[in-house]
Colleague: 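Below are the structure tokens for one structure; questions will follow.
Only heavy atoms go into these numbers, but all of them, side chains included; no hydrogens, no water, no symmetry mates. When a ligand or atom number is given, it counts from 1 through the structure's own listing order. The residues of the chain are indexed from 1 along the displayed sequence.
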Amino acid sequence: MSQDYEVIIGLEVHVELKTASKLFCGCSTEFGADPNTHTCPVCLGMPGVLPVVNGEAVRMAVRSALALNCTVHPQSKFDRKQYFYPDLPKAYQISQYDQPLAEFGWVVIRPEGQEPRKISIRRIHVEEDAGKLNHLGQRLGDATGSLVDLNRAGVPLIEIVSEPDLRSAEEARLYLIELRASLSYLDVSDLRMEEGSMRCDANVSLRPRGYQGSLEDLPRVEIKNVNSIRNVQRGIDYEVMRQEQLMSQGERIVKETRGFDDAQGRTYSQRSKEEANDYRYFPEPDLPPLILEQGFIEQIKNSMPALPDAIREDLRARGIPAKDAEVLVLDREAYEYWLEAVALYPHERTVTNWMLSDLARLVNVRGESYRRATVGPSQLVGLLKLIDSGTLSGRMAKDVLEAMFETQQSPEAIVKEKGLSQITDEGAIGEVVRSVLQANPSVVDDYLSGKEKALAFLVGQVMKATRGQAKPDLVNRLLKESIARDYRAPC
Ligand code: ADP
Ligand code: MG
Ligand code: ZN
């Protein structure tokens with residue numbers, strides 16, 4: 001990025017609420033059902049039907065707004081946003097326009113090596129989702145037709161609109177992971193970008209140095225519906241490059257909506273951007289204003305779970321390094337795994353170290369999640385206890401953990417079956433030590449002449465001879481003792 005421009009980014013995030021039924025009718029919101037089986041006259045947009053707002057959706061939206069530090073308005077209202085598209089049978093979407101559910105929130109991001117920064121949330125409103133078009137053929141361009149599935153039509157969404165406070169693709173990523181983490185503790189959404197239960201539009205513009213006008217007046221591009229955080233970053237990076245190139249050639253940026261081409265890593269023009277007045281918003285005549293009693297909001301406030309900042313503080317107080325705490329906080333399943341493990345075995349640091357190294361690697365390569373990991377918290381703890389009791393060395397425990405994933409057996413069963421267990425018998429180790437020393441006289445000389453590394457080699461030989469089962473600190477001690485006793489003392 002050149003010195004001439006500053007990158008300005010604002011994100012609009014849509015989050016599907018996981019209510020059992022839709023926002024304005026009783027149809028199921030279940031994902032993956034046969035097309036058009038979860039529909040009724042209301043969500044099909046038949047004339048003469050009346051929407052009724054789903055209280056559970058409102059409750060989830062309020063929970064989300066509070067978790068994101070918003071002011072929840074005691075009164076908001078629904079509006080019709082008119083546009084025509086085949087996935088929208090009513091030809092309008094019920095949304096909220098000038099009186100949204102909530103405003104003035106924020107999310108804190110922590111860019112590496114910088115002070116944490118507050119990113120403001122302009123508003124959160126409630127709206128219904130549209131249906132889904134399934135295009136026949138490889139790409140929209142070659143499609144021979146499109147099939148309309150209205151199962152998703154009317155599913156509740158919240159839209160979270162940030163202020164244009166973000167200054168880089170990396171900051172956008174931090175904002176998204178923080179926002180997703182906060183919502184993840186609320187049980188309001190699956191938050192899966194690949195499945196569309198969380199979707200992000202990224203607005204990108206470049207502010208020339210010295211520009212004094214309003215950010216709203218800068219020509220910006222809206223990149224629509226990107227399906228992963230990685231692609232949000234790629235889309236932003238591409239836009240910054242494209243806009244900078246155009247501007248340096250003295251060309252104007254056209255305010256437009258662009259798609260993101262995953263394979264090519266580029267954005268492409270879709271349509272010139274609609275302005276609010278193109279949508280002919282007007283108050284939804286079939287719904288009364290949404291009035292929330294103070295007691296209702298208070299009750300939700302009082303039932304909020306621990307959120308990321310409180311969890312970070314708790315982990316810090318329990319001695320977990322900030323970097324490790326971050327990994328746990330940002331992945332609710334990992335954090336819950338951790339909580340379960342430390343409840344059984346109160347050595348927080350040890351649990352964290354095992355979880356974030358060997359366990360994380362095995363969970364990842366096997367494509368498992370922490371919630372459904374083959375090796376659950378109590379089994380991991382069983383393994384850690386075998387290290388404490390001296391049955392296993394740390395080295396052996398790593399192998400046993402792998403075997404636990406492979407065979408789904410308990411650590412005790414694996415130890416028994418493989419005849420593992422640490423050799424702690426001094427006599428037995430002493431014999432191996434003697435033969436290793438006899439076989440490596442020159443290494444012993446090296447050690448005696450001051451080469452510390454020589455000892456590590458000898459330890460390695462003993463471990464090898466015992467198939468890793470000798471207790472390492474014992475090997476160390478016996479080697480030193482034996483050398484001091486049986487060989488020339490160092491001069
Ligand atoms: P629209 O209907 O045009 O998408 P919204 O109010 O829904 O308008 O969203 C506007 C989004 O654009 C907000 O997230 C806001 O932060 C962002 N935005 C405003 N000005 C800029 C800018 N100069 N550069 C990038 N994003 C911007
Ligand atoms: Mg928008
Ligand atoms: Zn319906």
Colleague: Need the ligand 1 atom indices (1-based, order shown) with element for anything under 4.0 Å from a heavy-atom of E222.
Modeller: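 Every atom of ligand 1 under 4.0 Å from some heavy atom of E222: 4 (O).
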Colleague: When you look for heavy atoms under 4.0 Å from ligand 1, do you find them on the side chain of R220, its backbone, both, or neither?
Modeller: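 Contact part for R220 vs ligand 1: side chain (C-beta onward).
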Colleague: Assess the residue pair D4 and R209 against the criterion (salt bridge (charged side-chain N to carboxylate O under 4.0 Å, His left out)); give the C-alpha distance rounded to whole Å, side-chain angles, the decisive distance to 0.1 Å, and a yes or no.
Modeller: CA-CA 5 Å; D4 304 340; R209 291 285 161 203; over 6 Å; no
Colleague: Measure the shortest side-chain to side-chain distance between R117 and E171 over non-hydrogen atoms and say whether it is less than 4.5 angstrom.
Modeller: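 The answer is yes, as the side chains (C-beta and beyond) meet within the 4.5 Å cut-off.
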Colleague: Look at H38 and state whether any of its N, O or S atoms is less than 2.8 Å from the Zn ion (ligand 3).
Modeller: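 Of the N, O and S atoms in H38, none lies under 2.8 Å from the Zn ion (ligand 3), which means no.
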Colleague: Are any of the N/O atoms on L215, whether in the backbone or the side chain, positioned under 3.5 angstrom from an N/O atom of ligand 1?
Modeller: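 Yes, at least one N or O pair falls under 3.5 Å.
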Colleague: Of the listed options (G10, S162, S120), which comes nearest to atom 13 (C) of ligand 1 when hydrogens are ignored and any heavy atom counts?
Modeller: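 Among G10, S162, S120, the closest heavy atom to atom 13 (C) of ligand 1 comes from S162.
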Colleague: Nearest to atom 6 (O) of ligand 1 by heavy atom, K224, E159, R122, E239: which?
Modeller: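 Of the listed residues, R122 has the closest heavy atom.
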Colleague: Heavy-atom contacts under 4.0 Å between D201 and ligand 1: side chain, backbone, both, or neither?
Modeller: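 For D201, no heavy atom sits under 4.0 Å from ligand 1.
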Colleague: Compare all side-chain heavy atoms of D165 with those of Y175 and state whether any distance is below 4.5 angstrom.
Modeller: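 Side chain of D165 against side chain of Y175, heavy atoms only: no contact under 4.5 Å found.
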Colleague: T374 and side-chain hydrogen bond (donor to acceptor under 3.5 Å, both in side chains): which single residue from E368, Q379, E406 fits?
Modeller: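 That would be E368.
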Colleague: Look at the aromatic rings of Y335 and W338 and report parallel, tilted or perpendicular, splitting at 30° and 60°.
Modeller: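 If you compare the ring of Y335 with that of W338, the planes turn out parallel.
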Colleague: State whether the side chain of D324 and the backbone N or O of N353 hold a donor-acceptor pair below 3.5 Å, judged by distance alone.
Modeller: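 Answer holds: no.
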Colleague: Got an N/O contact under 3.5 Å between I9 and ligand 1?
Modeller: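 No, no N or O pair falls under 3.5 Å.
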Colleague: Does a side-chain heavy-atom distance below 4.5 Å link F78 with V53?
Modeller: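 Yes, close enough: below the 4.5 Å cut-off.
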Colleague: L218 heavy atoms, cut-off 4.0 Å: which ligand 1 atoms fall inside?
Modeller: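 With L218 as reference, the close atoms of ligand 1 come out as 23 (N).
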Colleague: If you have a sec, read the angle at the Zn ion (ligand 3) from C43 atom SG over to C25 atom SG, to 10 degrees.
Modeller: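 Value returned, to the nearest 10°, is 110°.
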Colleague: Counting each atom of ligand 1 from 1 as listed, which ones have a heavy atom of V161 under 4.0 Å away?
Modeller: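 Ligand 1 atoms under the 4.0 Å threshold to V161: 9 (O), 13 (C), 14 (O).
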Colleague: With heavy-atom distances below 4.5 Å as the criterion, would you say the side chains of V161 and I124 are in contact?
Modeller: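 Side-chain contact under 4.5 Å: no.
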